[in-house]
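Every value quoted in this text rests on a predicted model; they were computed, and no experiment measured them.
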Amino acid sequence: MTSRLISLGSKALAIGGTGVCATALYRYQSVLKEESNSPTNELIPFSHQQPSAIAANKKQCIIIGGGVVGVTAAYKLALKGHKVVLLEPNSAPGKECSSCAAGGMQRSNPTVDKGTWIAVTKSFIPFTRYLFGGEHEPYQFFHIDWFDTLSDPFFLRWSATFAKTSLFPSSDQNRLQMEQLSFTNYAVKDIVKMMEDKKDSMAKKSGFNPTGSLSLSYDVVDAKKKAANPTHGNTLEPSKQLEGEDITSVEPSVINQEQKPTSAKFEFETCAASSERFTEELADRCKNDPKLDVKFLYNTRVKAVSTAQGSERRKVTQIQTNKGVIDVKDAQVLVAAGAWTPHIAAMMGLYAPVYPLKGYAMSIDAKEALASSTMLTPSNLPTRIVCDKYMFTSRLGDEVRITSIGEFSGWSTSPTASVEKEFRREAVRQFPLLESCIKQAKVKCGHRPYVSDGILLLGRVQEFDNLLVSAGPGSNGWKLAMGSGSVVEMLVSGKTEDQISDELGFDARSFSPAGRVVDSPIFAKLCRARWGVSNEREHDFLRAKSK
């Protein structure tokens with residue numbers, strides 16, 4: 001009887017496996033059919049005239065992705081005389097993750113470790129707090145769409161690496177984190193230098209705010225821990241602990257909170273700015289400065305990428321878009337597509353360990369808020385970064401930016417109704433006098449490109465002659481863009497990782513895609529088949545929403 005059950009079970013698994021494979025094959029054929037329907041006319045990106053100031057030995061570079069990372073890389077490359085074409089599927093730069101960033105520019109690194117894994121697990125599986133300890137959190141800061149994640153082979157592979165890195169870190173993980181902290185320090189100094197240049201208008205246009213960050217604590221035990229170790233974690237930001245009236249004297253808006261903080265960590269040198277406005281301004285400079293040879297192709301979506309085997313390594317040869325086919329020729333190709341990087345990589349048979357962590361954001365116009373209510377005064381609005389464990393509010397000029405929530409739900413950027421409701425409720429708890437503004441504000445979502453090991457992906461892809469990648473690490477913010485742009489420029493200009501390390505003061509090899517972005521042709525096809533299903537669902541949702 002037992003052997004018969006085993007036999008029947010084996011047959012059922014075989015039939016099920018065959019069905020899954022057949023479905024995947026059908027879906028992948030559908031993906032290929034969609035690609036074949038794309039325009040085949042030649043799209044000539046480098047048709048504009050080369051400025052006389054540019055030396056003939058400079059390179060051509062095609063950048064996929066027009067967020068803050070892609071635009072900043074284009075700017076840095078153009079400053080050194082390289083010719084750049086940037087492909088962006090939206091109608092303007094910085095309209096996805098870059099438009100939802102909180103804006104913080106701390107010289108610090110959130111780490112991927114056991115504590116991270118436990119905190120995330122406790123949030124979306126509440127009963128696990130009985131296993132790991134701790135009190136019930138009234139605000140569920142993390143959510144997961146079980147169908148979209150567990151039905152996606154990419155997420156399963158990514159999450160396995162995330163769990164492994166968190167629970168069983170390699171002996172090299174701490175060194176990599178420290179190198180990333182050194183890089184973060186370099187990148188933040190670079191962007192602050194631009195902001196503090198009195199001849200440069202970037203600070204005003206991007207809402208630059210150098211007045212620090214206030215991290216609130218409502219727990220007495222947690223407050224004592226912070227007081228005993230005020231600079232815990234991977235950070236270079238000087239800080240001091242505040243209690244009682246000292247908190248409200250630094251940040252008067254906190255006094256209106258229903259639950260009063262027991263202490264606060266004040267990082268008094270921390271800066272902030274709007275990633276979206278910074279990206280827009282930098283793109284305008286690239287477009288309008290005749291010395292910068294940058295061409296933006298908006299509404300241009302990459303549909304397929306062709307490669308060919310060279311004498312030693314592969315090479316990107318063509319990029320197929322919804323507007324035509326680009327012959328890459330001798331150009332370098334940079335994938336700076338944020339959380340969409342795995343989709344572009346899969347077109348080349350590659351696996352890139354980046355998964356979208358959906359974040360929620362809303363913006364309130366300070367002037368409009370004050371004009372809308374006689375009860376509000378300027379002291380009721382946050383004047384700097386004000387945050388706790390789960391919500392991050394920034395003052396960016398006349399904009400109050402509120403961000404929070406992490407959600408794993410595939411590549412959809414549409415807010416989940418129940419999550420949006422919870423986000424608004426928590427925002428009102430922190431800023432009760434802004435309740436009417438919070439209820440009316442539009443909530444938008446962006447994908448944080450979360451690398452499974454928490455380390456930035458930056459450098460040349462080992463298997464290719466002309467392919468680079470710049471993505472992640474996910475929760476470290478837009479503040480790395482100027483630094484990563486400099487590294488990309490130096491690599492395109494012909495410098496080695498060793499030369500870059502010597503010049504900039506950190507080990508550039510620590511962020512190399514080698515061993516992380518890897519050949520996985522069969523897995524890539526399986527993922528593309530699965531993503532084709534998600535794209536159909538997303539398109540159906542958007543069509544229904546537009547009616």
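Salt bridge status for Asp519 with Arg314: present, with a side-chain N to carboxylate O gap under 4.0 Å.
Using a 4.5 Å cut-off on side-chain heavy atoms (C-beta onward), Ile63 and Leu77 make contact. A 4.5 Å side-chain heavy-atom check between Pro382 and Val400 finds at least one atom pair inside the cut-off. Between Gln332 and Gln60 the shortest side-chain heavy-atom distance does not fall below 4.5 Å. Proximity of Leu350 to Leu467: side-chain heavy atoms (C-beta onward) are separated by under 4.5 Å at one or more points. Using a 4.5 Å heavy-atom cutoff, the side chains of Lys83 and Lys295 are not in contact. Counting only heavy atoms from C-beta outward, the side chains of Met178 and Leu181 approach each other to under 4.5 Å. Looking at heavy atoms from C-beta onward, Phe278 lies in side-chain contact with Met194 at the 4.5 angstrom threshold. By the 4.5 Å heavy-atom criterion applied to side chains, Trp478 and Thr72 are not counted as neighbours.
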### Task
Apply side-chain contact (heavy atoms from CB on, under 4.5 Å) to the pair Val250 and Arg384, showing each step before the final yes or no.
CA-CA 10 Å; Val250 169; Arg384 55 177 51 79; 3.7 Å; yes
### Task
Decide side-chain contact (heavy atoms from CB on, under 4.5 Å) for His447 and Trp411; before the verdict, give the C-alpha distance in whole Å, the side-chain angles of both, and the deciding distance to 0.1 Å.
CA-CA 8 Å; His447 290 146; Trp411 275 266; 4.1 Å; yes
### Task
Could you give me the CA-CA distance, side-chain angles and deciding distance for Glu96 and Trp340, then say whether side-chain contact (heavy atoms from CB on, under 4.5 Å) is met?
CA-CA 11 Å; Glu96 288 201 9; Trp340 295 95; 2.9 Å; yes
### Message
Between Asp152 and Arg530, does the salt bridge (charged side-chain N to carboxylate O under 4.0 Å, His left out) criterion hold? Intermediate values first, please.
### Response
CA-CA 6 Å; Asp152 186 350; Arg530 168 61 182 83; 5.1 Å; no
### Task
I would like to know whether Arg509 and Asp507 meet salt bridge (charged side-chain N to carboxylate O under 4.0 Å, His left out); could you show each step before the answer?
CA-CA 5 Å; Arg509 293 165 298 187; Asp507 185 5; 2.9 Å; yes
### Task
Go through Met391 and Asp388 one step at a time and tell me if the side-chain contact (heavy atoms from CB on, under 4.5 Å) criterion holds.
CA-CA 6 Å; Met391 185 156 283; Asp388 60 11; 3.7 Å; yes
### Task
Tell me, with the steps shown, if Glu196 and Lys189 meet salt bridge (charged side-chain N to carboxylate O under 4.0 Å, His left out).
CA-CA 10 Å; Glu196 292 181 343; Lys189 284 183 177 179; over 6 Å; no
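Contacts of Thr383 classified as side chain to side chain donor-acceptor pair (under 3.5 Å), with partners at least two apart in sequence or in another chain: Glu251.
When each of Ser98, Ser206, Cys97 is checked for a side chain to side chain contact (heavy atoms under 4.5 Å, CB included) with Ser275, only Ser98 meets the rule.
Rounded to the nearest 0.5 Å, atoms OG1 (Thr279) and NZ (Lys95) are 9.0 Å apart. In this structure, the separation between OG on Ser263 and CD on Gln241 is 5.5 Å, given to the nearest 0.5 Å. Here the straight-line distance linking atom OG of Ser306 with atom CD1 of Ile326 works out to 11.5 Å at 0.5 Å rounding. The distance from the CD1 atom of Ile144 to the CD atom of Glu407 is 9.5 Å, given to the nearest 0.5 Å. For the atom pair Leu214 CG and Glu267 CD, the distance stands at 9.5 Å (nearest 0.5 Å). Taken to the nearest 0.5 Å, the CD1 atom of Ile319 stands 11.5 Å off from the OG1 atom of Thr307.
With hydrogens and angles left out, the side-chain atoms of Ser510 and Arg175 include a donor and acceptor closer than 3.5 Å. No side-chain donor-acceptor contact under 3.5 Å links Thr184 and Arg107. One side chain, Asn209 or Thr211, offers a donor N or O that lies under 3.5 Å from an acceptor on the other. Between the side chains of Glu237 and Ser108, no donor-acceptor pair of N or O atoms lies under 3.5 Å.
A donor-acceptor distance shorter than 3.5 angstrom exists from the side chain of Asn109 to the backbone of Gln177, with no hydrogens or angles considered. In terms of modelled atom types and a separation under 3.5 Å, the side chain of Thr341 and the main chain of Gly338 share a donor-acceptor contact. Distance alone, capped at 3.5 Å, places no donor-acceptor pair between the Arg448 side chain and the Gly359 backbone. Between the side chain of Asn322 and the main chain of Asn299, a donor-acceptor pair closer than 3.5 Å is present. Arg516 places a side-chain N or O within donor-acceptor distance of the main-chain N or O of Ile455, the cut-off being under 3.5 Å. Looking at Lys323, its side chain does come within 3.5 Å of a backbone N or O of Tyr298 through a donor-acceptor pair. No donor-acceptor distance shorter than 3.5 angstrom exists from the side chain of Asn90 to the backbone of Ala92, with no hydrogens or angles considered. Between the Ser501 side chain and the Ala508 main chain, a donor and an acceptor come within less than 3.5 Å of each other. Remark: side-chain polar atoms of Gln180 are paired, donor with acceptor, to backbone N or O of Leu456 under 3.5 angstrom. In this structure, Asp465 contributes its side chain and Lys315 its backbone to no donor-acceptor pair below 3.5 Å.
Ring planes of Tyr355 and Trp158: tilted class, angle from 30 to 60°. Between Tyr186 and Phe506, the ring planes lie tilted relative to each other; the angle falls in the 30° to 60° range. Between Phe511 and Phe183, the two ring planes are tilted [angle within 30° to 60°].
Val188 approaches Gln106 most closely through the heavy-atom pair CG2-O, 4.2 Å. Closest approach of Ala272 to Leu396, counting heavy atoms only: CB-CD2, 3.9 Å. Taking each heavy atom of Met195 and Ala203 in turn, the nearest pair found is O-CB, 3.2 Å. In terms of heavy atoms, Val354 sits closest to Ala471 at CG2-CB, 4.5 Å. Annotation for Ala102 and Thr403: closest pair CB-OG1, 3.3 Å, computed over non-hydrogen atoms. Ser493 approaches His82 most closely through the heavy-atom pair OG-NE2, 2.9 Å.
Checked against the 6.0 Å centroid criterion, the rings of Phe142 and Tyr390 do not qualify as a close aromatic pair. Aromatic pair Tyr351/Phe154: centroids less than 6.0 angstrom apart.
Atom CD of Gln309 sits in a crowded spot, with more than 12 heavy atoms from other residues, nucleotides or ligands closer than 6.0 Å. Few gaps surround CZ on Arg285; more than 12 heavy atoms of other groups in view lie less than 6.0 Å from it. No more than 12 heavy atoms of other residues, nucleotides or ligands shown are found within 6.0 angstrom of NZ on Lys80. Around atom CG of Asn288, more than 12 heavy atoms belonging to other residues, nucleotides or ligands sit under 6.0 Å away.
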